[in-house]
Structure formats: structure tokens, C-alpha cells
Amino acid sequence: MKISLNWLKDYIDLTGISDEEVISNLTMSGLEVEDYEDQAKLYDKFIIAYVKEKDKHPNADKLSLCKLTDGKVDYQVVCGAPNVAAGQRVVFAKEGAIVPNGGFQIKKAKLRGIESFGMICSESELNLSDDHSGIIVLDDSYEIGKSFAEAFGLNDVVLEIGITPNRPDALSHIGVARDLAAIFNRELKIPKVELKESAQDVNTEAAIEIIDAVDCPRYTAKVVKGVKIKESPEWMKRRLKAIGLRPINNVVDITNYVMYEAGQPLHAFDLDKVGGKKIIVRKAGADNKFVTLDSKERVIEAESLMICDGNKPVAVAGVMGGENSEISAQTENILIESAYFNPSSIRKTSKRLGLSTDASYRYERGCDPNNTLYVAERAAQLMAELGEGTILKGSIDVYPEKINEKTVRLRESRTFRILGYKIEREKIKNIILNLGMKIIAEEEDVFKILIPTYRPDIEREIDVIEEIARIHGYENIPAVERIANSLDAKIDESEFIEKARNTATSLGFYEILNNSLISEKAAELMGKSIQVLNYQSADMSNLRTSLLQGMLQTISKNIKVGEKNLRLFETGNVFIKKADIIKSFDDFSESTKLILAITGSDAEKEWHSKERAIDFYDLKGLVDSFLGNLFQNSALRDSYNEESDSIYSYYYTKESGKETVGSGGKIKKELLKQFDINQDVYCFEFDVDKLKSLLNIKSKFKELLRFPKIERDFAFIFDKNISNSEIKDYILSCKSKLLKNVRLFDLFESETFGSAKRSLAYSLEFYDENKTLTDEEVDKEFTELTLSVKKKFNAELRGI
Amino acid sequence: MLENIDSIGLDFDTELQGVKDLKQLEEIRIKYLSRNGIVAGLFEQLKNASKEEKPRLGKELNALRNSVQEKFDNLKSSIEENSSEESSKIDLTLPGRNRIIGSKHILVQTLEEMKSIFKGLGFSVFEGPELESDYNNFTALNFPLDHPARDMQDTFFITEDFLLRTHTSPVQVRVMQKVKPPIRAIMPGKVYRNEAVSSRSLCVFHQIEGLYVDKDVTFAELKGTLISFARQFYGKDLSYRFRPSFFPFTEPSAEMDITCYLCKGKGCRICKHTGWLEILGCGMVDPNVLENAGVDPEEFTGYAFGMGIERTALLKNGITDIRLFVENDYRFLKQF
Ligand SMILES: [Zn+2]
């Protein structure tokens with residue numbers, strides 16, 4: 001909200017306090033000044049000057065050569081305006097001035113051979129109007145040498161204050177002044193209203209009836225007759241413009257002016273257009289169409305509160321007036337509405353209409369129900385003054401049930417306990433009183449405080465403590481550092497994932513973070529997905545069901561910028577819908593996943609090694625290294641699947657008991673094509689929650705082997721359809737006491753074996769935990785194993 | 001000759017000094033250390049020595065043999081090293097065989113740094129779900145129904161009662177329901193706001209939440225803890241300030257500002273000419289929030305705070321466009 005400092009000074013004397021102090025004190029007490037504009041700076045180096053002489057420019061017909069003075073210094077200026085003449089008072093832009101319209105800087109210049117030291121301004125150049133037909137000629141009341149900003153009252157400083165939703169009281173100049181009064185301990189000056197009223201009673205001209213008193217607890221009206229609709233005076237227009245409002249006519253301007261003065265929205269009806277001269281406040285009911293002031297026809301829901309006349313709605317209560325009762329140039333008689341509406345009712349109507357106005361903004365935050373009469377009178381007074389109207393005697397004020405001020409008990413001891421700092425009792429009292437609260441009883445520790453109705457946010461003790469703290473100043477509460485002991489057993493729910501991240505990066509993976517919102521099509525690839533009701537765009541409509549889609553998108557984008565060799569990982573949550581309608585946490589699952597992905601070459605081409613395309617075994621090795629680092633003894637089983645599914649050409653899973661803790665493989669070409677990728681991609685996705693549960697399997701320390709190991713190698717030519725793991729499992733299953741490990745170390749295919757055969761070479765590791773083995777002992781078992789393998793697989797032993 | 005053991009040692013040293021290559025060295029070996037060499041000859045003579053002198057001479061002779069052998073070995077390996085084929089041809093300027101080590105996302109690095117500071121201050125770490133109930137995200141945190149405070153956070157709804165959490169604060173509620181006070185915890189995580197994506201804002205981003213509930217937690221201590229954090233995280237020379245603000249779930253509420261990094265407080269475009277940058281929101285836990293979570297506000301008080309990770313990482317690393325965090329460009333990732 002914009003606040004004009006010049007305007008603010010009507011309500012508080014800020015003598016001796018600089019603008020900077022005002023700004024910083026507002027910010028530091030909760031009314032954050034987000035930005036401000038110093039108009040005087042905008043008009044820096046623009047002054048009122050006097051044209052002493054005017055001659056023709058020797059080299060140009062349309063230019064004149066003038067001598068100006070600011071009372072002390074003379075300036076030679078070349079001017080192109082037709083209306084310039086000696087003896088005029090003009091607005092003069094000196095060297096260095098920046099012209100508001102266009103933003104260019106005035107410099108010393110030679111015009112047709114004659115030097116010019118500034119510019120005489122038109123209204124257009126100063127952004128005062130569009131008139132650029134000639135320079136501004138001022139009357140003699142303008143003091144020569146004075147700054148233009150001061151002379152024109154454009155020396156205002158306008159603040160942009162971010163008002164938090166709990167502070168409806170601060171949505172006006174008086175509201176902001178009230179905080180300043182408390183901060184600087186100065187008096188708040190609220191304009192006195194003295195009305196000259198006619199003999200005619202207001203009740204003879206208008207009537208009010210509230211049907212819905214829940215949503216409209218109070219409706220106050222004044223009537224002003226014989227108003228002349230015209231432009232507002234300059235001072236009012238200037239203030240409204242300063243805070244960003246467009247002046248319209250005196251009546252509309254007054255309602256805006258008073259709202260920004262006192263925070264209470266007002267509406268002015270053309271009384272002659274109010275049927276039956278009667279206002280009825282009721283729910284819209286069957287009146288479901290209504291044309292608002294902005295000439296838009298709106299659909300009104302039955303529960304919306306409407307202001308109606310004898311026959312029809314004339315305004316959407318608290319939101320916007322209707323075109324049918326709008327103030328026009330012909331309007332003479334005015335009914336001023338100053339009401340208090342139920343905040344949540346106005347909020348609902350405003351939301352349903354998608355229409356937020358200055359009025360609804362204030363009503364939904366909560367206005368002061370006990371200030372409507374003052375504000376109506378204030379507006380009536382201004383209409384009489386600025387529109388030559390006659391105020392009818394009295395007011396119509398329907399207020400069936402008075403909203404009383406709340407009382408709050410404040411304990412001094414509690415204030416200390418919350419803040420950790422003792423504010424003097426006198427200071428506490430002072431703050432309370434300066435903010436307009438009343439102390440109605442005072443005991444040793446307890447104050448009984450009456451809260452004014454313009455502060456709907458203050459309802460409890462803690463609310464008052466906050467007021468005391470913010471006015472006293474947070475900066476004046478010392479910072480206390482205590483040595484913190486750990487409170488209990490160390491809990492870090494993110495510890496495992498942090499370790500997993502460390503492991504992945506040590507394996508050369510870079511971490512990515514993707515949006516959890518993806519397109520419905522992508523989300524549905526990997527399970528039943530959940531859609532956001534109010535999504536922004538179709539490519540961010542559903543929650544991800546897997547990390548795979550985002551990963552493929554990332555890979556695709558990177559390949560396009562030339563990064564083709566990638567090792568990436570991501571960890572994050574995925575969401576699967578379990579019931580058609582989500583009514584509880586059981587109807588969907590949210591689980592943490594971690595995905596590893598590789599594509600391209602193992603390494604760049606280097607002097608010492610050839611570039612090698614990544615394949616399935618890279619993935620497998622990385623997955624095993626990853627798991628090996630996280631779990632020393634995870635006892636996970638691999639389960640392979642050569643058949644393709646909708647995602648993978650082939651894949652495998654890691655199993656623990658009956659649980660699958662992760663799966664991955666080679667991504668299908670068809671799927672890659674959807675993501676515009678034309679190189680192989682291998683991915684493996686873990687279920688982090690299941691991985692975490694493996695941490696419960698504790699691995700025990702194994703004594704270090706004190707006796708040497710002995711290795712023996714053999715190689716066989718096998719049928720190709722016999723898998724490595726079949727052979728390995730068989731060797732280990734043979735009853736050899738000394739054999740502890742089997743490792744494939746060579747794979748060889750050759751035409752001499754035929755295309756259906758291959759050679760596999762294994763290294764067998766033998767040892768005994770309790771003694772040194774002899775070659776004879778090992779040879780005996782090795783020979784038996786060799787024979788068993790040969791027999792079992794009908795394999796041909798190769799000489800090594 | 002046995003009397004000359006010392007001088008034989010000196011002779012050997014002298015001859016060794018003249019050796020330039022393995023061939024010369026071999027000649028010396030034959031002369032001194034071979035089966036018919038000088039040292040072996042001395043041992044031969046030892047047999048004839050007198051009974052009294054034998055032990056002393058034997059000891060001296062062994063020492064000579066060991067010293068000669070050692071000196072010979074040393075020289076031999078040094079000559080071999082210098083004259084080996086490899087060293088004569090090696091190009092030390094060839095690039096090494098690199099092993100690629102990846103890196104964590106810069107946001108995660110930022111978050112982990114914050115986490116470790118708070119862990120040092122005695123905070124535990126808890127996590128909570130991203131798809132939350134409206135109750136936990138708003139109602140339990142003292143956002144009244146139909147109140148403009150709800151407009152402070154543009155929300156992605158899943159149903160009327162479920163939504164994507166707009167802040168990490170609902171984890172406060174979950175932790176208080178799970179753990180009895182005293183509680184001192186931080187809660188990092190992903191949050192969602194229905195806002196337009198631009199160079200300054202994302203609709204999915206990260207926050208870290210803090211909560212301390214105990215019998216005597218005060219606003220003064222909240223300030224102390226956060227200043228301690230800020231000094232560790234941003235550097236100890238910075239200035240900071242706390243100014244009043246509004247969050248429905250804390251009261252009194254505050255925002256903490258630190259001196260603008262870029263202009264050092266002089267005022268610039270980034271700090272909107274104030275010289276200050278807002279880094280976090282905080283306050284004393286509202287009694288309603290404690291009560292909603294089953295904690296007696298007369299017995300316990302608490303403070304809470306929350307801050308965004310993205311903005312912090314932008315500032316600390318001089319990154320200009322927040323969207324870079326989710327574009328996952330390898331060239332960006334590799335810089336951190
Ligand atoms: Zn700055």
C-alpha cells in the first residue's frame with residue numbers, strides 16, 4: 001500500500017524526525033517499507049526562473065535566445081517555444097536535470113552556434129499533462145529561485161508499505177500514523193468533523209433495512225443533496241495521484257480519499273437511482289446476474305451479500321458498486337454507505353467473483369465496526385465543502401447488536417517469559433496506551449486491557465505481547481546464546497540419504513534435482529499418478545510416479561547441448577495413487593527413490609585408453625559398488641529378466657527376502673525416442689525406504705585371515721546358453737571344504753570353438769581359517785572340481 | 001691383511017665413487033663381493049686367526065661385509081633407476097589417468113552445510129511428506145479458514161483436503177505429535193507454490209524449518225541461535241537485524257535480514273536499495289499451534305524458523321537465474 005508522507009503529516013507532527021528515520025522505524029516495527037519514491041529527487045535541478053530578456057536567435061527563425069535568472073545567477077538559454085517572452089516566470093531545467101518525460105539529461109549544448117545552459121519546460125516534459133504546445137507560464141505568486149517540486153507541492157515522499165494480513169488497521173494513513181505515534185510517543189491527530197446540516201431529516205429521504213445481520217452487522221448512511229459533480233481540487237488530486245489512484249470526480253474521489261485516510265471503505269450511490277430510496281441488505285438469492293461499475297456482467301451466487309433497493313441489487317456488498325446506481329455528471333443527491341460486513345462473507349464473494357478491490361481487501365481483513373459513523377460524516381463534510389452539497393440532518397445507522405471491545409489479560413511475567421527480557425512496566429503501559437488500547441484494571445502482575453475494535457488481530461495475551469515487543473523494538477531485545485546440549489539420542493532422518501549421495505558422487509555421478517510436477521502422459525508411464533486440481537500448465541499437471549521421466553528429460557536436454565557422456569543421479573519423492581479419490585493418507589503412497597543413470601562413453605578418448613561405449617555391465621558394476629559402500633553385508637540377490645517390458649529392453653532387480661529394493665536395465669529404444677534421445681541409456685532406481693530397512697541387518701566383524709590363500713585357475717569351453725551364474729553357483733555348491741571364492745576372469749569367443757560355444761576362465765580361491773594349506777591338499781580338491789565341472793556341463797577343459 | 005679391515009672399507013668407498021654404470025659396478029662386485037673376492041678372502045684368513053682375536057675380528061669383518069653390501073645395493077638400485085628405459089623416455093607432461101568424482105547438487109550442498117551447523121547447535125533432523133493434508137499445512141498452524149493469511153501462500157491443491165505442502169512448517173506439527181518436548185529439530189524439504197516460474201521464483205523449491213520447544217525458550221534465545229547460525233554460515237563480519245513480521249503460526253513473528261552481500265549495505269538493485277537482504281522468517285511458536293499438537297502452552301514455550309535454500313544458494317554463489325537449479329545442465333552441475 002502506498003502512503004504519502006505529506007498526507008501522513010496531517011495526522012501526526014513529525015517535526016524533527018527525518019524521512020529516513022520514519023522509514024526505518026516503520027520497517028523495524030512491522031510496517032515494512034519495501035520501496036519509496038522521493039518526488040523532489042525526481043525534480044532535482046528544476047527551478048522557478050525569470051525571463052529577463054528575449055532576443056531572436058541570429059541563425060534560426062524559430063528559436064529565441066533568452067537570458068534567465070534564478071535571482072542570483074543568469075543563464076543563457078536557447079528556446080524553441082513560440083510563447084516564451086521577457087518578464088515571464090517559467091520552470092527551468094538546469095544543467096544535470098533529468099527530464100521526467102523521456103528520462104534524458106540536460107546538458108550544455110550549442111544550438112545553431114549559440115550555447116544554451118538549460119531548458120525551459122512544458123507541462124508534457126514534466127509529466128504534468130500531455131500539453132507540449134508551449135512552455136508553462138506561471139503567475140507572479142511563484143517565487144523566483146524556488147525549487148519546482150516545492151513550488152508545485154511535488155516534494156512528497158511516497159512509501160510502498162507491505163502490510164501483513166493481520167494488520168487491517170494499518171491500511172490507511174491514520175493507521176500508519178497511529179503506529180508512528182506509538183513509536184515516537186507523539187499525539188495522533190484525527191480530523192474533527194463539524195457538520196453544517198440542513199433542517200431536513202435524513203429519514204425523509206432514505207431508509208435502510210438489514211435482512212442479513214450476520215453478514216452485515218452495521219450499515220450507516222448519510223445523505224448529501226444538491227452536490228455539484230466536478231473535478232476535485234488540486235490538493236486532493238495530487239494526494240490521490242501520489243498513492244497511485246486516478247482522480248475521477250469530487251464525489252468518487254472523496255470516497256477514495258476518506259478510505260485511504262481512515263481505512264473504512266465507502267460507497268456513494270446516486271440516490272435518485274436507488275428505487276424506492278430504500279437500501280435493503282440481503283443475500284443475492286435469485287438475482288444471479290449483475291452489472292458492476294466496470295460494466296461487466298457478473299454471475300452472482302445465491303449466498304453472496306448484496307446491497308439492493310426496493311426492486312433490485314445496486315451493489316455487490318463490500319466488493320463493487322453497480323452500474324445502475326453509479327455517480328454520473330448529472331448526479332445531484334448522494335447516499336453515502338459506510339458499513340461493516342462480515343470478513344469471511346466478503347472474502348467468499350470476492351473469491352467467487354475473482355474480483356478483489358480496495359474495498360473487499362479491507363473488508364475481508366476486518367474493518368472497525370465502530371467507526372462507520374465517523375467516516376460517513378467525514379465524507380459528507382467533504383462533499384459539502386468540495387461539492388457545495390447540503391447534508392441532511394442526522395444519519396441512518398442500523399446496528400442491531402453492538403460489537404464490543406474485547407478484554408485481554410496480560411501478565412507481565414508472561415511477557416518476560418516469552419521475550420526473555422524484562423521491559424519496564426511503565427514502558428509496557430505506555431505502548432499499550434499509545435496504540436489506543438485501554439487499561440481497565442491493574443494488579444501486581446496482571447493488566448486487564450480493552451482492545452479497540454480496529455485491531456481484530458488482538459484477541460489473546462500473546463497478541464498484546466507481540467505489540468509490546470514490536471513497538472519496543474526487536475533490536476532492543478538482547479540476543480542470548482546458550483550452549484545447547486544434545487537433547488536425546490541423535491536423530492537424523494536424512495543421514496542415510498546423505499551417505500547414499502556421498503557414495504554416488506564418489507562413483508562419479510553428478511546430482512540433479514528435477515521438478516516433481518510433470519505431464520500426465522509422462523507420469524502415467526510408471527504408475528497411476530495424482531493430478532493437481534489447479535495446475536498451471538499441462539507439462540506440470542501431475543506428480544511424478546518415478547524419477548525416470550525427469551532423468552530422461554535431463555539426459556535429452558544435455559545431449560542437445562553436446563554433453564553426451566553422462567553419469568547422473570537424483571533422489572526425491574514419488575507419488576502413486578492407490579484409490580480413485582484421495583480421502584486419506586492411505587489412498588496414495590509417497591516414497592523416496594534414488595535413480596542412477598549412465599549414458600554415452602565410459603570416458604573421453606584419451607592417450608592411454610580407447611573410448612568405450614557404456615553397457616549393461618557398467619550399470620551392474622556401479623550398482624554393486626554403490627550398494628557395497630552402503631552395506632558391507634547386504635545379502636541382496638540379483639534377479640534377471642531378458643524379456644523387454646514397457647520401459648526396459650532387459651533389466652534386473654535387487655532382492656532382499658521377498659522385497660524388491662531396486663530395478664534397472666537398458667532403457668527401450670521406443671521410450672528413448674519419446675524423449676528424443678538416440679543413444680543407449682542405462683538406469684537403476686532404488687526404493688530408498690526399503691534400502692534403509694537393510695541397515696537393520698548388522699554386519700559383524702570377521703577375524704582377519706592369518707593363513708595364506710591359494711589360487712587355482714581353470715578355463716572351459718562351454719555351450720553359450722549356460723550362464724555365468726549357473727556355472728559359478730554350481731562350482732560353489734560342490735562339496736569342497738577349502739574353496740571359498742570363485743571369480744570369472746576371462747571370457748573368450750573364437751571361430752575355432754564354433755558360434756555356439758565360448759570359453760570362460762575362473763579363478764578359484766582356497767584357504768583354511770585355522771592352518772596353512774599345502775599344495776597337495778588344494779590340488780586334490782581342485783582336480784575334483786575340474787572333473788565335476790567338465791562332467792556337469794559337458795565342457796571342454798582348456799590348457800592354461 | 002686382517003689388520004687392514006678399515007682401509008679395505010675406505011678403498012671400497014673410493015672405488016665406488018668412480019662408478020658410472022652397471023658394468024663398472026659389476027667389476028667392483030667381482031673384486032670385493034664375489035666368491036673369490038676380497039671380502040671372502042678375509043673370511044678365509046679369519047680361520048687362521050688366534051683364539052683371542054677371532055671374536056673381535058669376526059665382528060669387524062661382518063660389519064665390513066654388511067656395509068660393503070649395503071653400499072653396493074644402494075648404488076646399484078640408484079643406477080638402475082636413472083638408467084632405466086622408462087625414465088629416459090618418460091614425458092611427464094602427459095595428462096594423468098583421471099578418475100571422475102561427481103558432485104552433489106549445489107542446493108543439496110547448501111542444505112547440508114546448514115544442516116551441519118544446526119546439528120552442531122544440538123538440533124536433530126526430521127523429514128515429512130510433501131503431499132500433505134490441508135489440516136497439517138494450514139489449520140494446525142493457526143491459519144483460520146477463509147482468512148486472507150491463506151493467500152500468503154498460493155497453493156497447489158490435490159483435493160479440497162489434500163495439497164502439496166507450501167512450506168516445511170507442517171513437519172513441526174508432525175514432530176510435536178511424535179516426540180514429547182523438549183524438542184530441538186530442523187526439518188529440510190521440498191515445498192510447492194502455485195507461482196509463475198521466472199528468473200527469481202520457482203514453483204517447486206526447498207526450505208529448512210527449525211523448531212525448539214522446551215520449558216524456558218525465549219525470543220532472546222531465538223535471536224541468539226539464529227545469529228550464531230548466520231555468523232557460521234555467512235561469515236562473522238556481517239550485520240543483521242530482526243524486524244517484526246507476520247506468520248500465523250508464530251507470535252511474536254520476525255524476519256531476519258543480513259547486510260546485502262553485493263553492495264555491503266550501500267543499497268543496490270538486489271536489496272531494493274535497502275542495504276538488507278531477508279534471509280529467514282522466525283518467531284515464538286503460537287500457543288494455538290502448541291495446543292493443536294497436544295503441547296501445553298503454559299508449560300512449554302518454543303521458537304520456530306524457516307528459510308529458503310534457493311535464494312541463499314543464489315546469493316552465496318553469485319548465480320543470477322534461479323531456473324538454473326532445475327535445468328540440470330551438466331556444465332552447471334560440474335561447477336560445484
Ligand atoms: Zn544491495
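Hydrogens, waters and symmetry mates play no part in the numbers below; they use all other heavy atoms, side chains included. Because the structure is predicted, anything quoted here is derived from the model rather than measured. To find a chain, count down the sequence lines: A is the first, B the second, and so on, and within it residues start at 1.
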Go through the atoms of [X] and report whether side chain, backbone, both or neither lie under 4.5 Å from a heavy atom of chain B.
| X | value |
| --- | --- |
| A:Asn534 | both |
| A:Lys351 | side chain |
| A:Phe575 | side chain |
| A:Phe585 | both |
| A:Arg347 | side chain |
| A:Glu498 | both |
| A:Asn542 | neither |
| A:Pro478 | backbone |

Which residue out of [options] racks up the most heavy-atom pairs below 4.5 Å with chain A?
| options | value |
| --- | --- |
| B:Asn194, B:Val326, B:Thr274 | B:Asn194 |
| B:Thr225, B:Asp151, B:Leu222, B:Thr301 | B:Asp151 |
| B:Ile227, B:Asp146, B:Asn288, B:Asp216 | B:Asp146 |
| B:Glu132, B:Glu195, B:Glu298 | B:Glu298 |

- prompt: Between B:Phe162 and A:Phe588, how do the two ring planes meet: parallel, tilted or perpendicular, split at 30° and 60°?
  reply: perpendicular
- prompt: Parallel, tilted or perpendicular: which fits the ring planes of B:Phe219 and B:Phe242, with parallel below 30° and perpendicular above 60°?
  reply: perpendicular
Among the listed options [options], the residue most often paired with chain B at heavy-atom distances under 4.5 Å:
| options | answer |
| --- | --- |
| A:Glu493, A:Glu364, A:Arg167 | A:Glu493 |
| A:Leu568, A:Thr554, A:Leu566, A:Ile465 | A:Leu566 |
| A:Leu507, A:Leu517, A:Asp35 | A:Leu517 |
| A:Ile23, A:Leu31, A:Val561, A:Ile581 | A:Val561 |
| A:Ile477, A:Ile462, A:Asn502 | A:Ile462 |
| A:Leu543, A:Ile530, A:Val532 | A:Val532 |

What I want to check is whether the side chains of [X] and [Y] have a donor and an acceptor closer together than 3.5 Å.
| X | Y | value |
| --- | --- | --- |
| B:Thr166 | B:Asn137 | yes |
| B:Lys115 | A:Ser494 | yes |
| B:Tyr192 | A:Ser516 | yes |
| A:Asn573 | A:Thr592 | yes |
| A:Asn514 | A:Gln553 | no |
| A:Ser506 | A:Thr503 | no |
| A:Asn166 | A:Thr164 | yes |

Using heavy-atom distances under 4.5 Å, tell me whether [X] contacts chain A through its side chain, its backbone, both, or neither.
| X | answer |
| --- | --- |
| B:Leu131 | both |
| B:Thr155 | backbone |
| B:His206 | side chain |
| B:Ile186 | neither |
| B:Pro95 | both |
| B:Ala196 | backbone |
| B:Met187 | neither |
| B:Tyr240 | backbone |
| B:Glu127 | both |

field: Shortest non-hydrogen contact between A:Phe626 and A:Ala500, atoms and distance
entry: CE1-O, 3.5 Å
task: Report the C-alpha separation of A:Asp539 and A:Ser537 in whole Å, then their side-chain angles, then the decisive distance to 0.1 Å, and conclude whether the side chain to side chain donor-acceptor pair (under 3.5 Å) test is met.
output: CA-CA 5 Å; A:Asp539 61 340; A:Ser537 61; 2.5 Å; yes
query: Do B:Tyr212 and B:Tyr303 make the cut of ring centroids closer than 6.0 angstrom?
result: yes
- request: Check whether any side-chain heavy atom of B:Phe247 sits under 4.5 Å from a side-chain heavy atom of B:Ser253, and report yes or no.
  value: yes
task: Compute both the distance and the angle, then confirm whether A:Arg470 meets the cation-pi test with A:Tyr474: under 6.0 Å from the six-membered ring centre, within 45 degrees of the axis.
output: no
task: Output yes when A:Lys557 and B:Asp329 qualify as a salt bridge under the 4.0 Å nitrogen-oxygen rule, no when they do not.
output: no
query: Counting heavy atoms not belonging to B:Lys334, are there more than 12 under 6.0 Å from its NZ?
result: yes
